[in-house]
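Nothing fancy with the numbering, it's 1 onward along the sequence.
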Amino acid sequence: MTTVHRRLTVQGLVQGVGYRWSMVQAAERLGVQGWVRNRRDGAVEAVVSGDVAGVDALIAWARHGPRDARVERVDVDNAPAPETAFEGFEARETL
């Protein structure tokens with residue numbers, strides 16, 4: 001199994017609508033590791049790692065998010081492998 005690492009930046013109405021909590025649930029369901037956090041500029045940022053199918057499925061989920069979100073854009077970039085493997089998927093503090 002090949003592990004891929006991606007950084008997502010999600011723009012739109014994505015704070016205050018349960019986006020981070022919902023992404024944690026989606027990632028756990030898909031077996032994807034990493035983290036998600038709000039940014040002070042109003043975006044949500046995530047780093048995700050896992051098999052290609054799981055990461056691609058989470059990216060597809062990120063493009064619409066939870067019911068109350070209004071996603072305008074999701075930028076996806078390759079991310080370097082973490083220095084230590086992620087354990088699960090967590091919501092982090094705002095940066």
Side-chain angles (χ1 to χ4, degrees):
M1 172 180 83
T2 300
T3 300
V4 296
H5 313 283
R6 303 287 185 261
R7 178 177 303 278
L8 284 62
T9 304
V10 186
Q11 304 280 342
L13 177 60
V14 292
Q15 291 190 16
V17 294
Y19 195 97
R20 288 181 303 155
W21 180 80
S22 296
M23 181 177 263
V24 169
Q25 288 188 317
E28 289 175 346
R29 188 173 57 252
L30 294 166
V32 175
Q33 312 295 309
W35 55 263
V36 60
R37 67 179 168 206
N38 287 339
R39 292 190 342 190
R40 294 194 196 288
D41 65 1
V44 168
E45 177 181 25
V47 172
V48 300
S49 294
D51 64 61
V52 173
V55 169
D56 285 349
L58 188 60
I59 291 168
W61 177 91
R63 295 189 190 285
H64 61 80
R67 183 181 61 181
D68 292 333
R70 300 294 176 260
V71 177
E72 294 174 5
R73 188 174 84 228
V74 178
D75 296 325
V76 180
D77 298 301
N78 289 327
E83 291 183 20
T84 58
F86 294 120
E87 293 185 24
F89 198 91
E90 66 179 1
R92 292 188 174 177
E93 295 293 321
T94 299
L95 175 67

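Using a 4.5 Å cut-off between side-chain heavy atoms of Ile, Leu, Val, Met, Phe, Trp and Tyr, with links allowed through other members, Val17 and Leu8 fall into the same hydrophobic cluster. A single hydrophobic cluster is seen to contain both Val44 and Val74, as judged by linkage of ILVMFWY side chains at heavy-atom distances under 4.5 Å, directly or through other members. Val14 and Val47 end up in different hydrophobic clusters when Ile, Leu, Val, Met, Phe, Trp and Tyr side chains are linked at under 4.5 Å. Note: the hydrophobic cluster containing Val4 also contains Val48 (ILVMFWY, side chain heavy atoms under 4.5 Å, direct or indirect links).
Of all heavy-atom pairs between His5 and Ser49, the closest is ND1-OG, 2.6 Å. Of all non-hydrogen atoms in Pro66 and Ser22, the two that sit nearest each other are CB-OG, 3.5 Å. What you find for Val76 and Arg63 is that their closest heavy atoms are CG2-NH2, 4.1 Å.
Atom CZ of Arg37 sits about 12.0 Å away from atom CD of Gln15, to the nearest 0.5 Å. Between atom CG of residue Asp77 and atom CZ of residue Arg6 there is a gap of 9.5 Å, rounded to the nearest 0.5 Å. In this structure, CG in Asp51 is found 7.5 Å from OG1 in Thr3, a value given to the nearest 0.5 Å. Atom CZ of Arg70 and atom NE2 of His64 lie 12.5 Å apart (nearest 0.5 Å). In this structure, CD on Glu93 lies 7.0 Å from CZ on Arg20, to the nearest 0.5 angstrom. One finds the CD atom of Gln11 at 10.5 Å from the CD atom of Glu45 (value rounded to the nearest 0.5 Å).
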For residues 52-62, which side-chain donor-acceptor pairs fall under 3.5 Å, sequence neighbours excluded?
none

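Side-chain contact check for Tyr19 versus Val71: some heavy-atom pair is nearer than 4.5 Å.
Within the hydrophobic cluster formed by Ile, Leu, Val, Met, Phe, Trp and Tyr side chains joined at under 4.5 Å, directly or through other members, Trp21 stands alone, with no partner residue.
Scored by the ring pair (Phe, Tyr, Trp, His ring centres under 6.0 Å) test, Phe89 finds no partners at all (sequence neighbours excluded).
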